[in-house]
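When reading the values below, keep in mind they use all heavy atoms of this one structure, side chains included, and skip hydrogens, waters and symmetry mates.
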Amino acid sequence: QVQLVDTGGRLVQAGGSLRLSCVASGGTFSDYEMGWFRQPPGKAVEFVAAISWSGGMPEYADSVAGRFTISRDNANNTVYLQMNTLKPDDTAVYYCAACMICTVTNRNEYNYWGQGTQVTVSS
């Protein structure tokens, strides 16, 4: 029912910046909490950031706090992840996700997922 398309991943050097975008369709975007997750090579999927229906109270993993910023534009059904001061450890496939009522740090409670976009940070 809800479709998410996440884009923006590419190869970038350490210390650089990148902005990921996720466009939603097929539902009422403002009803959903939105999150970003990532899966590094050979590792489990991990929480990155989340933002509420209203755009308030963003939440971040400790590993990205202070470097990444999540935001949303409900008028355009879009959520963003601005990534600054990128590190090689940030290399992963990044996924946007949506849920109604959920624990935003728990990937198992999300209802919809984007296809993923590859971010590679070279040393």
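Of all non-hydrogen atoms in T103 and E109, the two that sit nearest each other are N-OE1, 2.7 Å. Heavy atoms only, all atoms of each residue included: S30 and N74 are closest at CB-ND2, 3.8 Å. Nearest heavy atoms, A92 versus Q118: O-NE2, 3.4 Å. G116 and V93 get closest at one heavy-atom pair: CA-CG1, 3.9 Å.
Hydrophobic clustering of Ile, Leu, Val, Met, Phe, Trp and Tyr side chains at less than 4.5 Å, counting indirect connections, keeps Y95 apart from M34. Both V121 and V48 sit in one connected hydrophobic cluster of ILVMFWY residues. Membership requires side-chain heavy atoms under 4.5 Å apart, directly or through other members. Following chains of ILVMFWY side-chain contacts shorter than 4.5 Å, one can reach L81 starting from Y112, so the two form part of one hydrophobic cluster.
Residues S17 and Q82 form a side-chain contact, since some pair of their non-hydrogen atoms from C-beta on lies under 4.5 Å apart. With a 4.5 Å cut-off on side-chain heavy atoms, D90 and M83 do not count as touching. Side-chain contact between R38 and S63: present, with at least one pair of heavy atoms (C-beta onward) separated by less than 4.5 Å. Looking only at side-chain heavy atoms (C-beta outward), W36 and V79 come within less than 4.5 Å of each other. A heavy-atom distance below 4.5 Å is found between the side chains of K87 and R67.
Residue T117 holds its OG1 atom at 7.0 Å from CD of Q115, rounded to the nearest 0.5 Å. Note that the CZ atom of R10 and the CG atom of L20 stand 10.0 Å from one another [nearest 0.5 Å]. Going from atom CZ of R19 over to atom OG of S71 covers 7.5 Å, rounded to the nearest 0.5 Å. Rounding to the nearest 0.5 Å places OH of Y110 at 4.5 Å from SG of C102.
The aromatic rings of F68 and Y94 are tilted relative to each other, their planes meeting at an angle between 30° and 60°. Ring planes of F47 and F37: perpendicular class, angle over 60° (limits at 30 and 60°).
Of the possible donor and acceptor atoms, one in the side chain of Y60 sits under 3.5 Å from a partner among the backbone N and O of I70.
A donor-acceptor pair shorter than 3.5 Å cannot be found between the side chains of S122 and Q13.
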With side-chain contact (heavy atoms from CB on, under 4.5 Å) as the test, would you mind laying out the steps for V23 and L4 before giving the verdict? CA-CA 6 Å; V23 179; L4 305 175; over 6 Å; no

